[in-house]
Amino acid sequence: AGRAVIFLPYSALMSDIACEFANLCDGEFDEVIKYEADDRARGTEMPYGGVLHVDLKDGERQKKVCRSITWTIWRGFSGDEHMRMHTRHRFFRNAQIILATPDKWAHPDPGRDEDGKQRLCDSFLCAWGHDEHSRKEWISQLGLVVIDEAHEFKEVLGGQMRELLQRMRTLRDAVSEGRTPSVSTKRQRVMLVSATIPRADKFSEDLLGISGAILVQPDGNTGGSATF
């Protein structure tokens, strides 16, 4: 089925989008898991993941099929006492859509814990897979990277995002080269989402480090001068 990552520039925005996802989980078989943001106060529950069901049209049989989609957020372990427990939940383990901020995707966590032991890297891949094989398997299934509010990723934040995307492509290429011919690695597409990007072609080339982006208008039109 593949996996997708949605990068948000701020943690607060990620929480808002997680609430929107939770609101979509209103079907009979949909589920949401929430944790108290502040144990000292009631009513501070925040959604961390869930599963929703959507009806999709089967192109071959021309009939609707119901598909379940599992999603989760990733805040990193630092500063979030619920995240470590959440990483053991099936919503996290089976997530097809991950909401995250770039700084927590591959954020090093230097120093030592209370017992004097070296802390592990506070990154998504280290949290998801405890062995090299499982991490490679996850990388091979990542087919879509969405950068929401892309206009926020400029200057220093844009440079960090570009570096992160380059590392993700490098990991994908390294995994692809080491796989057997019978096991394929998904093509990794990147989508920038914004309503306020001037000179979208130049912006996308600077941020992604590659040319040839296609501008898609809200109506889905990609024709004519909209194609770069």
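Keep in mind that this is a model prediction, so the values were computed, not measured.
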Distance check, rounded to the nearest 0.5 Å: [X] atom [atom1] versus [Y] atom [atom2]?
| X | Y | atom1 | atom2 | result |
| --- | --- | --- | --- | --- |
| Trp71 | Ile6 | CH2 | CD1 | 10.5 Å |
| His89 | Ile33 | NE2 | CD1 | 3.5 Å |
| Met191 | Asp148 | CE | CG | 11.0 Å |
| Ser140 | Arg172 | OG | CZ | 12.0 Å |
| Cys19 | Lys34 | SG | NZ | 7.0 Å |
| Ser176 | Lys136 | OG | NZ | 11.0 Å |

Hphob cluster co-occupancy, [X] + [Y], side-chain heavy atoms under 4.5 angstrom:
| X | Y | answer |
| --- | --- | --- |
| Ile17 | Leu157 | yes |
| Val65 | Val54 | yes |
| Phe92 | Val32 | no |
| Ile147 | Phe21 | yes |

Decide yes or no for [X] and [Y]: does some side-chain heavy atom of the first lie under 4.5 Å from some side-chain heavy atom of the second?
| X | Y | result |
| --- | --- | --- |
| Leu192 | Leu208 | yes |
| Ile210 | Val190 | no |
| His82 | Arg75 | no |
| Gln141 | Glu137 | yes |
| Glu31 | Phe91 | yes |
| Trp74 | Met83 | yes |
| Cys66 | Phe29 | no |
| Gln160 | Leu164 | no |

Please name the pair of heavy atoms, one in [X] and one in [Y], separated by the smallest distance, quoted to 0.1 Å.
| X | Y | value |
| --- | --- | --- |
| Leu215 | Ala200 | CD1-CB, 4.3 Å |
| Asp30 | Leu52 | OD1-CA, 3.4 Å |
| Val51 | Thr70 | CG2-OG1, 3.9 Å |
| Arg162 | Asp206 | NH1-O, 2.7 Å |
| Thr101 | Ser11 | CG2-N, 3.7 Å |
| Ser68 | Gln96 | O-OE1, 3.5 Å |

(request) Check the angle between the aromatic planes of Phe124 and Trp105 and answer parallel, tilted or perpendicular using the 30° and 60° thresholds. (result)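 Plane angle under 30°, so parallel.
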(message) Looking at Asp173 and Arg169, is there a salt bridge between them, counting it only when a charged N and a carboxylate O are closer than 4.0 Å?
(response) no
(message) Taking CE in Met46 as the centre, count heavy atoms belonging to other residues, nucleotides or ligands within less than 6.0 Å. Is the count above 12?
(response)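 Result for CE/Met46: enclosed.
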(message) Within the supplied structure, the quantity of interest is the number of heavy atoms (other residues, nucleotides, ligands) at a distance under 6.0 Å from Arg167 CZ; does it exceed 12?
(response) yes
(request) Please step through side chain to side chain contact (heavy atoms under 4.5 Å, CB included) for the pair Leu171 and Leu125, ending with a clear verdict. (result) CA-CA 11 Å; Leu171 281 174; Leu125 286 178; 4.1 Å; yes
(message) Could you work out, with ring-ring contact (aromatic ring centres under 6.0 Å, His included) as the rule, every residue matching Phe203, not counting sequence neighbours?
(response)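 Testing Phe203 for ring-ring contact (aromatic ring centres under 6.0 Å, His included), a comparison that skips the adjacent residues, returns none.
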(request) Tell me, please, which residues at least two apart from His151 pass ring-ring contact (aromatic ring centres under 6.0 Å, His included). (result)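 Expected list: none.
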(request) Report yes or no: do Asp80 and Tyr35 form a side-chain donor-acceptor pair below 3.5 Å? (result) no
With a 3.5 Å distance limit and no angle check, can you tell me whether [X] reaches the backbone of [Y] through a side-chain donor-acceptor pair?
| X | Y | value |
| --- | --- | --- |
| His86 | Tyr48 | yes |
| Asp201 | Ala213 | no |
| Arg84 | Phe77 | no |

(message) If you apply the rule side chain to side chain contact (heavy atoms under 4.5 Å, CB included), what do you find for Met168 with Leu142, and how did you get there?
(response) CA-CA 10 Å; Met168 293 175 75; Leu142 179 60; 3.6 Å; yes
(request) Assess whether side chain to side chain contact (heavy atoms under 4.5 Å, CB included) is satisfied between Val145 and Gln188, documenting all intermediate values. (result) CA-CA 7 Å; Val145 177; Gln188 195 176 103; 4.2 Å; yes
